[in-house]
Protein chains: 2
Amino acid sequence: MRPSARKIASVLTQKGYKLTAQRRAVIDVVVNSRQHLSPAALYERVRRTHPAIGLVTVYRTLEMLYELGLICRVHRGGKSRSYTLAPSVHHHHLVCAQCGTVADFTRCDLEVLQQRISRETGFKIEGHLLQFLGHCRDCQTRA
Amino acid sequence: MRPSARKIASVLTQKGYKLTAQRRAVIDVVVNSRQHLSPAALYERVRRTHPAIGLVTVYRTLEMLYELGLICRVHRGGKSRSYTLAPSVHHHHLVCAQCGTVADFTRCDLEVLQQRISRETGFKIEGHLLQFLGHCRDCQTRA
DNA sequence: ATAGTAAGTGAAAACCCTTTTCAGTTAGAT
DNA sequence: ATCTAACTGAAAAGGGTTTTCACTTACTAT
Ligand SMILES: [Mn+2]
Ligand SMILES: [Mn+2]
Ligand SMILES: [Zn+2]
Ligand SMILES: [Zn+2]
């Protein structure tokens, strides 16, 4: 279940953040976007309904939502980051090296590996970062 | 087995690249460094023996070595890239969230997962990024 | 409602890392 | 020794992100 704009707004006020028109606008765009979007792309969309907003505010709002765990961030080597609504289910990303398309997948099944590594190294493991890189169906066809 | 500077140099000449003093200097530093280093860090080291070299040349040489598969590149979200000699064994990292210690591990066993994801998404998967985060033995004891 | 105040905003500049440009230099072939 | 495409370094440009700062605004307390 995807969080609604209202739910996100209520988290903000509850945490003591002010609910400004700019923040509402950014949240709306994030909630209504299916794909991962860069700050610039989100900015462009937010401007359609809120032309006076500054790119800086988009950056700041995204950082805030990210810190609150409300959106997730994908790093794409060298290029810009991209953000999307944090889904409730644990998942990972599959990134197309050519066009940048991001697909999600769930069930990473790392528990067995994690236990082995933990045993071998003595680390207490608390999280993992997993991402696959490849070429999406479209880019394969095009090639 | 780590490749030697001589071996790398011979690959360059064989591919038709000129063997300049600057390239030799960069290669020497890369070969003699155990850790992943950023272009700026490598530049600083190369300057010790070759003060007149330009940072641009370091970037160009690293890019060339990377394209030839002689060194590998790690993207660290937002920050600079870092490079290291391409190791013969595929491995991943375990990072301590408290002290930053990095441990290596091999045998990531992602093939089964990779095949499932590939089937489900249509992606042709070419690589993966896997990293565990936790607390090392020392930091656990200290806490 | 009003006033007060800390939080938030946008323009511009600063910052980093990286790439491009270009005139001058050099490795390696002949 | 000569030639020339490859290479170099300085400088500028590029692209994304963060900082700065004077101004504005959302919320709190009257
Ligand atoms: Mn995702
Ligand atoms: Mn692996
Ligand atoms: Zn693609
Ligand atoms: Zn530690």
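These numbers come from a predicted model, not from an experiment. In the text below, chain A, chain B and the rest are named by the order of the sequence lines, each starting its count at 1.
- Taking 4.0 angstrom as the limit, B:Q22 places none of its side-chain polar atoms (N or O) nearer than this to OP1 or OP2 of D:dC7.
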* To do: Using a 4.0 Å heavy-atom cut-off, write out nucleotides 21-27 of chain C from 5' to 3' as B (base contacted by protein), S (sugar-phosphate only) or - (no contact).
  => B----BB

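- Ring-centre distance between B:H90 and B:H128: below the 6.0 Å cut-off.
- Side-chain N or O atoms of A:S118 include one that pairs as donor or acceptor with a backbone N or O of A:F123 at under 3.5 Å.
- Note on A:A40: nothing from the nucleic acid sits closer than 4.0 angstrom, heavy atoms only.
- If you find the closest nucleotide of DNA chain C to B:Y17 and to A:T61, the one lying nearer the 5' end belongs to A:T61.
- One atom, CZ of B:R81, and another, C1' of D:dG16, lie 13 Å apart when rounded to the nearest Å.
- Using a 30° and 60° split on the angle between ring planes, B:Y83 and B:Y66 fall in the perpendicular class, above 60°.
- One atom, CE of B:M64, and another, C1' of D:dA6, lie 12 Å apart when rounded to the nearest Å.
- Distances shown here put every side-chain N or O of B:R23 at or beyond 4.0 Å from the OP1 or OP2 atom of D:dA6.
- Note: OH (B:Y43) to P (D:dT8) measures 14 Å, nearest angstrom.
- In this structure, A:Y43 has its ring center no closer than 6.0 Å to that of A:Y59.
- What separates CZ of B:R73 from P of C:dC17 is a distance of 16 Å, to the nearest Å.
- Ring geometry, A:F105 versus A:H92: the interplanar angle falls from 30° to 60°, so the pair is classed tilted.
- Between A:R116 and A:E111 no salt bridge is recorded (no basic side-chain N to carboxylate O distance below 4.0 Å).
- Following rounding to the nearest Å, A:L12 (CG) and C:dG8 (C1') show an atom-to-atom distance of 13 Å.
- The interatomic distance linking B:I53 (CD1) with D:dT8 (P) rounds to 8 Å, in whole Å.
- The nearest whole Å value for the distance from the CG atom in A:L62 to the C1' atom in D:dG16 is 13 Å.
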Name every donor-acceptor pair, under 3.5 Å, that has one atom in a side chain of residues 19-34 of chain B and the other anywhere in the protein, sequence neighbours excluded.
unit_1 : atom_1 : unit_2 : atom_2 : d
B:T20  : OG1    : B:R23  : N      : 3.1
B:R23  : NH1    : B:K18  : O      : 2.8
B:N32  : ND2    : B:D28  : O      : 2.9
B:S33  : OG     : B:V29  : O      : 2.7

